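All of these numbers come straight from a predicted model, not from anything done at the bench. Each chain gets a letter, A, B and so on, in the order the sequences are listed, and its residues count up from 1.
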There are 2 protein chains.
Amino acid sequence: MEIKDTIALLKSRGYRITPQRVAIIRILRDHEGHPGAEEVFRSAIQVYPNISMATVYNVMEVLEKEGIIRAIAVSKNSRRYDSNVKPHGHFICDNCGRVFDIPMKYYEACMKELPIELTDFEVRSLELIYKGTCSDCKKKPL
Amino acid sequence: MEIKDTIALLKSRGYRITPQRVAIIRILRDHEGHPGAEEVFRSAIQVYPNISMATVYNVMEVLEKEGIIRAIAVSKNSRRYDSNVKPHGHFICDNCGRVFDIPMKYYEACMKELPIELTDFEVRSLELIYKGTCSDCKKKPL
DNA sequence: GTATCTGCAAATGTTTTGCACTCCA
DNA sequence: TGGAGTGCAAAACATTTGCAGATAC
C-alpha cells in the first residue's frame, strides 16, 4: 500500500496524522526484513531524536489494529513486524532470529478446516510458522 | 505417552528423576487444556509447597527440549504448553485466551512446501495458529 | 561423592502505564 | 481550542540467572 493511502486510511478512521506516525510508516515501507520494535525505534530516532519507545509501541499497535502491519511472535520476548499482510507463512531461525517469508498454498483450505464443533468461532488471522535453522546458521559450526 | 515411559526417556537421556519433575509430568498428563507456567506452578505447589517458578520453568524447558511437550506463543507475554505433540494447529481466543486444538490436514504438505531458495533450511517445527473469537466470547456482548 | 537440580531472590528484557506537556485537526 | 498523541520515567510482566545448599544416582 502506498504511504499516502495508508495515511488516508488512518485519517478516515479518526486517527491523527502525526509526523512520528508518518515516519514510522515510511520506515516500515522501506525496511527489507521483519523489524522488531527496537529496530524501528533506532531508525525513527534518526528522524525524530526525541521519539520514545512508548510512541513506537503506540504506533505499531495502531497499525496492527488497523490491519496495516502484522505482528509475529518470534520467541518468548520478542515480536517482529511484517508490512506484508497478504497471507503467507514465516520461517524463524532459532539461531539468528531472522524471519523469512514462506508462501502459504493452503491458506484458503486451512481457513475452512475448523471442525464442526468450532463453526461458531470467528477466525481473524491465520499464522503458519516454521521454526528451525537457516542455511547460514547451519554452515557455521556453532 | 505413559508417565513411566516419559520418565524412562528422561533417564535414558541423562536427566535426574526428581520428585518435582515427576509431579509436573503428572500434572501435565492430568491437565485438560493448555496450561501456562503459572497454572502448572499453582498445581505443583499443592504437592510441593516449596517448589519455585524457576523449577517449573526449568522442567518445562527440559520437557520441551526433549519433545515431550510443545510450547505455544499465545500473545506478547504468555506461553502455554501442550502435552499433545502430534501435529495439529491451535485456535487462540483473543478475548478469553483459551487455546483449542485444531486438526491439521496439510501438515505433511506444509512441511514440504519450502521454496527452492530455502531448501538448505532445517525445519524443526511447524505451527498453525488461528486467532479470533471463540463462540463463548461471541455470545457475551462484551 | 559429586555433578545435577532446586529454591530463593535479584536481574533481565520487553512492553505498558500514568501523567504533564504538546500539537494536530 | 480541546482532546488525541507524545515523551519521560517508572511499573508491570513473564521469564532467566547466580549461587548456596540439597539430593539423585
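Using a 4.0 Å cutoff to heavy atoms of chain A, the contacted part of DNA chain D runs 5' to 3' from D:dG2 to D:dT16.
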Would you list the protein and nucleotides 19-24 of chain C atom pairs, both N or O, that sit under 3.5 Å from each other?
from	atom 1	to	atom 2	distance (Å)
C:dC24	O2	A:Arg16	NH1	3.3

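Annotation: side chain to side chain contact (heavy atoms under 4.5 Å, CB included) contacts of A:Tyr107 (sequence neighbours excluded): A:Pro87, A:Met104, A:Met111, A:Leu126. Checked against salt bridge (Lys or Arg N to Asp or Glu O under 4.0 Å), A:Glu108 has no partners two or more places apart in sequence or in another chain. Applying the side chain to side chain contact (heavy atoms under 4.5 Å, CB included) test to B:Ile3 and every residue at least two apart in sequence or in another chain returns B:Ile7, B:Ile25, B:Arg26, B:Arg29. Take B:Lys105 and apply the side chain to side chain contact (heavy atoms under 4.5 Å, CB included) test, not counting sequence neighbours, and it matches A:Glu113. Residues meeting the salt bridge (Lys or Arg N to Asp or Glu O under 4.0 Å) test with A:Arg80, sequence neighbours left out: none. Partners of B:Asp101 by salt bridge (Lys or Arg N to Asp or Glu O under 4.0 Å), not counting sequence neighbours: none found. In this structure A:Ser135 satisfies the side chain to side chain contact (heavy atoms under 4.5 Å, CB included) test together with B:Asp120, B:Phe121, sequence neighbours excluded.
Inter-residue side-chain proximity for B:Leu28 and B:Pro35 is flagged as met; some heavy-atom pair is nearer than 4.5 Å. Between A:Ile72 and A:Tyr81 there is no side-chain heavy-atom pair separated by less than 4.5 Å. Side-chain atoms of B:Arg98 and B:Ile92, non-hydrogen and from C-beta on, never get closer than 4.5 Å to each other.
Between A:Phe41 atom CZ and C:dT15 atom P there is a gap of 13 Å when expressed in whole angstrom units.
Comparing B:Arg79 and B:Lys11 by the nucleotide of DNA chain D that holds the closest heavy atom to each, the one mapping nearer the 5' end is B:Arg79.
Recorded end-axis angle for the helix from C:dG1-D:dC25 to C:dA25-D:dT1 stands at 40°, based on five pairs per end and rounded to 10 degrees.
Near DNA chain D, meaning a heavy atom under 4.0 Å away, the residues from residues 48-63 of chain B are B:Ala54, B:Tyr57.
In this structure, B:Thr6 contributes its side chain and B:Glu2 its backbone to a donor-acceptor pair below 3.5 Å.
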Report all side-chain donor-acceptor pairs from residues 53-66 of chain A shorter than 3.5 Å, counting only partners two or more places apart or in another chain.
from	atom 1	to	atom 2	distance (Å)
A:Thr55	OG1	A:Ser52	OG	3.4
A:Glu66	OE1	A:Arg13	NH1	2.3
A:Glu66	OE2	A:Tyr15	OH	2.8

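To the nearest 0.5 Å, atoms SG (A:Cys110) and CG (A:Leu128) are separated by 7.0 Å.
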